[in-house]
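Computed from heavy atoms alone, side chains included, the values below leave out hydrogens, waters and symmetry copies. Keep in mind that this is a model prediction, so the values were computed, not measured. All chains are named by letter (A, B, ...) in the order of the sequence lines, taking the proteins before the strands, and each is independently numbered beginning at 1.
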Amino acid sequence: MSSSIGLESLVDQTISVITNDGRNIVGVLKGFDQATNIILDESHERVYSTKEGVQQLVLGLYIIRGDNISVVGELDEELDSNLNLSELRAHPLKPVIH
Amino acid sequence: MLFFSYFKELVGKQVTVELKNDLAITGKLHSVDQYLNIKLENTRVVDEEKYPHMMSVRNCFIRGSVVRYVQLPPDGVDIEILHDATRREARGG
């Protein structure tokens with residue numbers, strides 16, 4: 001049986017996770033398993049709203065259960081530093097409906 | 001296993017993955033696993049105005065459980081082969 005494609009290449013890198021309830025959590029990937037459970041260090045949540053810019057909430061060390069994960073993105077530091085989060089307005093992402 | 005094998009054939013092709021939260025992501029298919037988790041390279045969100053949440057992401061892993069559709073390139077599917085393979089699998093062989 002072939003193995004899962006895994007997230008080895010992202011360990012110790014900054015990643016952006018989108019959860020099934022529509023949250024966006026950014027942090028450093030410290031560990032994962034075959035169920036996509038994830039350990040994130042130095043994490044923060046980016047809260048999107050249409051009324052004000054993106055708010056960043058400090059979360060610290062976090063474990064996210066794989067069931068609740070939609071997307072794990074590799075955060076490009078250069079692209080990210082060019083974003084002006086305080087001016088960025090958007091609706092929060094919709095929750096996943098199975 | 002049929003669709004796992006099928007998606008493996010599509011590696012390297014440009015696909016659009018629509019998620020169950022309505023987000024659609026386009027990119028080059030990098031890999032797939034037995035859960036149909038998908039890795040995309042050089043990704044862009046289809047409606048970046050509405051969904052700026054992934055503007056600084058170019059490579060991503062999408063959990064198979066949240067995929068609604070995978071839009072394929074027109075030449076990405078040989079319907080005859082897929083028909084035969086699905087019938088064979090349905091027969092249990």
Answer with yes or no whether the hydrophobic clustering places B:Val77 together with B:Ile81; edges join I, L, V, M, F, W, Y residues whose side-chain heavy atoms lie under 4.5 Å apart.
-> no
Got a second to check how far B:Phe61's CZ is from A:Ser9's OG, nearest 0.5 Å?
-> 10.5 Å
Interatomic spacing from CG in A:Asp67 to OG in B:Ser65 - rounded to 0.5 Å = 7.5 Å
Honestly curious: do B:Val70 and B:Val45 fall in one hydrophobic cluster under the side-chain, below-4.5 Å linking rule?
-> yes
From OG (B:Ser56) to CG (A:Asp76), nearest 0.5 Å | 7.5 Å
Where on B:Ile38 is there a heavy atom nearer than 4.5 Å to chain A: the side chain, the backbone, both, or neither?
-> backbone
Region of A:Leu75 that comes under 4.5 Å of a non-hydrogen atom in chain B | both
Do B:Leu36 and B:Leu2 belong to the same hydrophobic cluster, where Ile, Leu, Val, Met, Phe, Trp and Tyr are linked whenever their side-chain heavy atoms lie under 4.5 Å apart, directly or via other members?
-> yes
Do other residues, nucleotides or ligands put more than 12 heavy atoms under 6.0 Å from the NZ atom of B:Lys50?
-> no
Rounded to the nearest 0.5 Å, what separation is found between the CG atom of B:Asp33 and the CD atom of A:Gln34?
-> 11.0 Å
Decide whether A:Val11 and A:Ile15 are clustered together by the hydrophobic rule: side chain heavy atoms of Ile, Leu, Val, Met, Phe, Trp, Tyr closer than 4.5 Å, transitively.
-> yes
For chain B, find its close neighbours in residues 89-98 of chain A: heavy-atom separation under 4.5 Å, sorted by number, or none.
-> A:Ala90, A:His91, A:Pro92, A:Leu93, A:Lys94, A:Pro95, A:Val96, A:Ile97, A:His98
Could you give the distance from OG (A:Ser70) to CG (B:Leu19), rounded to the nearest 0.5 Å?
-> 6.5 Å
Donor-acceptor contact below 3.5 Å, side chain B:Arg63 vs main chain A:Thr36 = no
Heavy-atom contact with chain A under 4.5 Å, split by part of B:Asn59 | both
Identify which of B:Lys39, B:Arg68, B:Glu49 forms the greatest number of heavy-atom pairs closer than 4.5 Å to chain A.
-> B:Lys39
Where along residues 54-65 of chain A does a heavy atom come under 4.5 Å of chain B, listed by residue number?
-> none
Closest non-hydrogen atom pair, B:Asn37 against A:Ile5 = O-CD1, 3.7 Å
Counting only heavy atoms closer than 4.5 Å, note whether B:Met55 contacts chain A via side chain, backbone, both or neither.
-> both
Residue part contacting chain A, namely of B:Leu23, when any heavy atom lies under 4.5 Å = side chain
Determine whether A:Ile18 and B:Val66 make a side-chain contact, defined as any pair of heavy atoms from C-beta on separated by less than 4.5 Å.
-> no
For the pair A:Asp80 and B:Val57, evaluate side-chain contact (heavy atoms from CB on, under 4.5 Å) and give the outcome as yes or no after the intermediate values.
-> CA-CA 8 Å; A:Asp80 200 54; B:Val57 171; over 6 Å; no
Is there a path from B:Phe3 to B:Tyr69 through hydrophobic residues (I, L, V, M, F, W, Y) whose side chains come within less than 4.5 Å of each other?
-> no
Donor-acceptor contact present, side-chain B:Lys20 to main-chain A:Asn20, <3.5 Å = no
